[in-house]
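Letters A, B, ... mirror the listed sequences (proteins, then strands); counts begin at 1.
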Amino acid sequence: MVHLTINGTRVQATEGEMLLTVIRRMGIDIPALCHHEAVEPFGACRLCLVEITKDSWNGWKGYVTSCLYPVENDLIVNTHADKVIEARKTLIDLQLARCPNSPEIQQLAAQFGINRTSYEPKVDGDNCILCGLCTRICDQMGFAAISTVERGHGRRIAPPLDQPPPDCVGCLACALNCPTHVIPFTQAGDRRTIWEKDFELITCSRCGRKTITREFATALSKMRGIPESYFELCDACHREDTAQGMGRIAAWSRREEKAS
Amino acid sequence: MNHDLSKLPDIFARYPREPQSLIAVLQDIQKEFNFLPCEALKEAAQHLDVPLSKVFSVSTFYNAFSLNPKGEKVIRICMGTTCHIRGAALIQDQLESKLGINAGQTTSDMKYTLEVVNCVGACSMAPVVIVNDKYYADVKVNQTKKILRGG
Amino acid sequence: MAITRIASPKALDKLRTECQKEQQKHPRKLMVCCGPGCLANGAAEIVSEFKAQLKKKRIKGFDVEAMKETGCHGFCEQGPLVVVEPQGTFYTRVKKKDVERIVEETLRNNKIVDNLLYTHPIEKKTYRDYREIPFYKHQKRIALRNLGHINQCDVRDYIATGGYQALAKALTTLSPTEVIEQVKTSGLRGRGGGGFSTGRKWESCARLAERPHYVICNGDEGDPGAFMDRAIMEGDPHSVLEGMAICAYAVDSSEGYIYVREEYPLAVQFLQEAIREAEAYGLLGDNILGTDFSFHIKISRGGGAFVCGESSALMRSVAGEVGEPRAKYIRSVQKGLFDKPTVLNNVESFANIPVIIERGGKWYARIGTEKSTGTKAFSLVGKVVNSGLIEVPMGTTLRQIVFDIGGGIRDNRPFKAVQTGGPSGGCLPESKLDLSVDFDTLTKAGSMMGSGGMIVMDEGTCVVDVAKYFLKFLVEESCGKCTPCREGLYQLYLLAVKISEGLATESDLGKMEQLSAVIIDASLCGLGKSGPNPFLSTIQYFRDEYLAHIRDKRCPAGVCKALITYEVDAQACDGCMACIRACAVNAITGKKGEVHVIDQAKCNKCGACFAVCNRHAIKVA
């Protein structure tokens with residue numbers, strides 16, 4: 001157990017936990033755009049910045065991203081120190097300059113009293129905030145179909161060679177987790193298109209619902225050692241089968257009890 | 001455009017077959033072809049067992065790599081601090097006007113590529129311009145004709 | 001010369017004697033400097049010409065083997081350099097056509113070729129022996145000890161001067177802990193600019209139980225204007241190998257890497273050759289010097305990215321990935337290359353190690369200052385009279401470096417500022433010239449010593465332009481991962497451009513100061529955190545110059561294009577038409593013999609006319 005102070009309150013935490021986890025557990029709301037429970041913390045947006053100090057530090061204060069800083073004994077954390085708020089405001093202002101037309105960023109900025117960026121706004125840009133969630137989640141899914149490309153201010157997210165990505169299976173994990181919804185995809189009938197690549201959606205053999213793409217099913221089948229036929233039924237039908245199976249077991253168990 | 005990819009196995013054989021070798025392999029490919037052909041990137045990805053997306057990331061992250069073919073003569077203007085204060089930017093202006101292209105581009109006849117590069121470490125001789133492997137030291141702003149001629 | 005594996009320290013001693021005897025066969029030696037500056041200036045041609053002449057002429061007591069192609073002798077401004085030892089006869093600005101005279105008059109007849117000697121431009125004194133020249137006299141070369149004196153890549157030359165003796169001493173008479181103690185006692189601090197205690201770094205790695213341990217040499221030298229590490233890697237590669245091997249012994253590592261930036265292909269070549277030689281002689285590789293200590297070094301070439309000078313980015317690059325730094329909450333000593341304990345030190349740091357082990361940490365600690373011991377190499381460049389590669393004890397003042405060694409400003413113009421620390425550093429004005437150059441003093445003044453690039457500026461350099469230059473560099477070199485650096489430095493750069501174009505207001509300065517503070521607090525790595533320094537240090541000491549751009553729309557130094565005009569001085573112009581020929585945009589009109597006129601609407605401020613006019617008839621307003 002580790003003991004530390006956050007915003008004046010003494011709390012307990014498990015060794016190895018990051019400050020952000022504890023902060024959220026306490027119900028304190030600080031933005032963390034590039035953070036997602038399913039992937040390793042990244043430290044790119046810097047919005048989860050907090051002020052840290054210790055009594056033994058003689059008044060010296062540090063500024064760290066809480067998503068990546070592990071809890072320490074006797075740490076004193078301030079999530080809303082003046083310098084932290086100042087930094088957070090400026091960072092959001094900078095994001096707004098990058099994506100002036102993004103409703104999500106506009107909303108976040110409004111929370112900090114910023115309605116228009118005080119910097120030079122990007123003209124004709126997309127709303128990508130380069131949080132990297134799409135690529136990190138794609139890596140985590142095991143496909144690594146897209147990546148960050150180029151460097152510095154020209155950095156962007158792209159498929160390899162700016163062509164339809166060979167390793168993409170059309171699972172939509174990137175698009176569905178994008179904080180600013182910049183990854184477009186279309187779905188019509190049994191066709192899905194994302195990253196300019198076309199996929200065929202499997203139709204559930206029982207109810208006719210569209211499930212996942214054939215490519216995703218093949219990949220999952222290989223990765224998890226599940227027979228491909230499993231994917232011919234949609235999740236809902238699988239659940240129904242499981243429920244019916246559970247029901248039969250429960251009924252049999254009741255009969256057994258009565259008999260004994 | 002087709003490139004003679006038969007050289008690739010030789011290049012691959014120089015390094016251990018692991019992801020760690022990626023940058024070294026790409027550098028040798030760059031040297032061989034004067035740029036990184038798409039097909040070579042795909043083969044490298046397969047050979048080293050690195051996702052193609054990561055190979056593309058690395059190819060576009062570092063200054064050494066170019067995804068477009070370069071001209072016969074690659075003119076590199078050093079933009080180190082000493083070169084800058086001794087007038088390298090003015091030399092860049094001159095070369096850009098004379099060639100009709102901006103730094104980072106290649107002339108349409110594929111004769112010249114103009115690049116601005118980071119400090120090459122010959123600071124006492126600033127400003128420095130390198131054409132392929134030839135160094136021009138202490139370059140004056142009116143010597144650009146000489147550089148283009150190859151004198 | 002047959003290569004025999006050196007099986008013991010005694011065998012090394014024997015080989016040293018042998019190598020020294022070889023050297024004595026030639027009582028006089030010819031050193032041709034092949035350092036970065038001289039090489040760019042034609043040293044290779046001079047070497048070939050000497051070889052051809054020596055073969056042709058058969059000089060008694062002097063054959064081709066008496067000629068050494070050395071690393072950077074130091075006085076790059078005066079290159080190409082040729083030195084005849086042991087007299088120290090110093091020939092400057094040598095051209096191919098001078099070689100025959102040198103061979104005939106100096107090598108054959110022992111006479112001096114007077115017009116090739118160095119004459120001090122202000123004192124007007126001519127020097128024969130380079131050691132008397134002020135540029136050299138004030139230096140103390142430890143890391144650069146062999147540069148200019150040994151063949152660039154020749155292990156036998158290195159051994160003859162005592163090379164690998166320190167490694168033998170460490171392996172056979174000192175325990176790893178004792179080696180670390182010596183380095184701690186020496187007080188050596190990271191020469192890459194970070195200034196962290198080298199001994200303590202080695203100690204923390206040695207203590208970690210996890211294996212393997214790695215030793216990496218940072219040869220990225222990304223600071224524009226710095227070439228000390230390049231000179232050492234090319235001119236004395238064995239000193240780096242020996243330093244790394246001693247480190248490996250101290251921290252129990254058997255695998256090392258030298259990360260060399262992409263822009264230094266020669267350094268890669270020489271280091272590879274040196275590694276091959278050292279392995280052949282049993283000085284590297286398995287069972288070094290017949291002991292059971294083994295250490296293998298590989299070269300890892302950078303792909304061209306300034307950010308890869310940062311330790312965590314460097315390690316990712318060695319692993320074949322993009323050079324994105326990692327937040328420093330878990331130190332790279334603990335989780336470095338491939339997440340294993342790693343010691344990363346700079347080229348110059350490693351080059352000092354053999355001397356420290358041989359002469360003892362206490363000896364080293366007596367040089368320099370209390371908190372910054374030893375010496376530091378600098379590339380002294382820019383508008384200074386004597387530009388080149390120097391090494392001085394820590395604690396030497398800026399004034400001593402710029403004036404006593406550097407000879408002051410070219411063309412006798414007034415001194416304006418000296419920029420140190422590369423893009424992470426800053427500019428210090430005349431009032432700070434008496435500051436001691438060390439790890440801490442310059443930092444307190446708002447700059448930093450950095451890796452050793454020292455760029456001297458005169459009135460013709462605009463600090464707004466310098467700040468803009470460094471910000472542009474950082475924006476291009478930023479890895480782009482974190483918002484404050486990628487977006488913040490970019491916006492800071494746009495504001496600097498605005499100032500240079502005369503479009504900024506005073507409130508923009510306040511905005512830049514506030515943005516800088518956030519970038520410093522919030523950035524992920526050192527590149528971002530120190531990114532605003534070029535702006536902050538120049539605004540601290542040169543606020544008036546910024547205000548001139550803002551309030552008066554004027555660039556006092558005559559650099560910012562939007563704020564200057566080139567005009568013909570009618571009194572001075574004699575109508576020679578040189579400027580008309582030089583103008584790439586046909587902005588100048590006038591017949592021969594008539595006063596020329598520049599059409600301001602067409603003029604693109606390229607400065608070509610100013611450069612070619614011999615009559616000083618073009619004025620910058």
Side-chain angles (χ1 to χ4, degrees), chain A residues 18-19 33-34 40-52 61-72 81-99 105 117-122 129-132 147-157, chain C residues 303-308 312-313 321-330 471-498 503-504 507-508 510-525 527-529 531:
Chain A
M18 297 300 156
L19 286 180
L33 286 175
C34 67
E40 290 294 310
F42 198 46
C45 74
R46 319 302 288 173
L47 290 172
C48 69
L49 207 72
V50 294
E51 184 187 87
I52 57 170
K61 297 188 165 72
Y63 296 91
V64 299
T65 46
S66 50
C67 62
L68 274 171
Y69 200 89
V71 293
E72 267 175 43
D82 287 340
K83 270 184 129 186
V84 170
I85 300 293
E86 167 110 15
R88 232 174 253 150
K89 265 172 107 164
T90 307
L91 290 167
I92 288 172
D93 198 342
L94 288 170
Q95 283 290 19
L96 194 57
R98 187 192 168 83
C99 311
I105 299 299
T117 180
S118 34
Y119 301 107
E120 275 303 307
K122 195 162 167 195
I129 56 169
L130 285 179
C131 65
S147 60
T148 51
V149 159
E150 308 207 45
R151 190 178 75 197
H153 204 251
R155 182 175 162 108
R156 57 195 176 90
I157 306 290
Chain C
F306 172 75
V307 69
C308 287
S312 59
E321 300 170 26
V322 291
E324 265 172 34
R326 195 197 52 203
K328 276 297 213 311
Y329 310 145
I330 302 166
L471 285 170
K472 179 163 191 244
F473 175 82
L474 291 169
V475 165
E476 285 169 358
E477 292 298 329
S478 162
C479 78
K481 179 171 169 178
C482 77
T483 314
C485 175
R486 184 188 68 240
E487 305 297 334
L489 285 180
Y490 176 67
Q491 295 290 346
L492 207 59
Y493 166 67
L494 290 182
L495 287 161
V497 170
K498 223 173 142 187
L503 300 169
S507 67
D508 283 328
K511 204 167 162 187
M512 289 172 81
E513 284 165 324
Q514 184 267 343
L515 178 57
S516 297
V518 171
I519 295 172
I520 292 172
D521 282 338
S523 287
L524 190 151
C525 83
L527 188 155
K529 278 191 197 297

Which distance, rounded to the nearest 0.5 Å, do you find between the [atom1] of [X] and the [atom2] of [Y]?
X	Y	atom1	atom2	answer
Leu495(C)	Tyr119(A)	CG	OH	8.0 Å
Thr65(A)	Leu524(C)	OG1	CG	6.5 Å
Leu489(C)	Leu94(A)	CG	CG	10.0 Å
Leu91(A)	Cys482(C)	CG	SG	9.0 Å

Next on the checklist: Taking side chain as everything from C-beta outward and backbone as N, CA, C, O, which of these in Lys83(A) sits under 4.5 Å from a heavy atom of chain C? Side chain, backbone, both or neither.
Outcome noted: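 When you check distances to chain C, only side chain atoms of Lys83(A) fall under 4.5 Å.
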Item to check | Contact origin within Leu47(A) toward chain C - heavy atom pairs under 4.5 Å | outcome: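 For Leu47(A), no heavy atom lies under 4.5 Å from chain C.
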Item to check | Closest-packed option against chain C by number of heavy-atom pairs under 4.5 Å, given Cys34(A), Ser118(A), Gly132(A), Pro70(A) | outcome: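 Highest number of heavy-atom pairs under 4.5 Å: Ser118(A).
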Checklist entry - So which of Thr90(A), Val84(A), Asp93(A) has the biggest tally of heavy-atom pairs under 4.5 Å with chain C? => result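 Winner by heavy-atom pair count: Thr90(A).
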Checklist entry - Which region of Ala305(C), side chain (C-beta onward) or backbone (N, CA, C, O), has a non-hydrogen atom less than 4.5 Å from a non-hydrogen atom of chain A, or is it both or neither? => result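 Backbone plus side chain of Ala305(C), per the 4.5 Å heavy-atom cut-off to chain A.
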Checklist entry - Do His153(A) and Glu476(C) have side-chain N/O donor and acceptor atoms under 3.5 Å apart? => result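 No, Glu476(C) and His153(A) have no side-chain donor paired with an acceptor closer than 3.5 Å.
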Checklist entry - Considering residues at least two apart in sequence or located in another chain, which fulfil the side chain to side chain contact (heavy atoms under 4.5 Å, CB included) criterion with Ile52(A)? => result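 Result, side chain to side chain contact (heavy atoms under 4.5 Å, CB included) vs Ile52(A): Leu19(A), Val50(A), Trp57(A), Val64(A), Tyr69(A), Leu75(A), Val77(A).
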Next on the checklist: Can a donor-acceptor pair be found, under 3.5 Å and without considering hydrogens, that links the side chain of Glu120(A) to the backbone of Leu494(C)?
Outcome noted: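 Flag not set: sc Glu120(A) to bb Leu494(C) has no pair under 3.5 Å.
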Next on the checklist: Quick one: does any side-chain atom of Arg46(A) pair with a main-chain N or O of Ser523(C) as donor and acceptor, under 3.5 Å?
Outcome noted: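 Present.
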Item to check | Phe42(A)/Glu324(C) under side-chain contact (heavy atoms from CB on, under 4.5 Å): CA gap, chis, key distance, verdict | outcome: CA-CA 11 Å; Phe42(A) 198 46; Glu324(C) 265 172 34; 4.1 Å; yes
Checklist entry - With sequence neighbours excluded, what pairs up with Ser478(C) under the side chain to side chain donor-acceptor pair (under 3.5 Å) test? => result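 None.
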Item to check | side-chain contact (heavy atoms from CB on, under 4.5 Å) evaluation trace for Lys481(C) with Arg155(A) | outcome: CA-CA 8 Å; Lys481(C) 179 171 169 178; Arg155(A) 182 175 162 108; 4.1 Å; yes
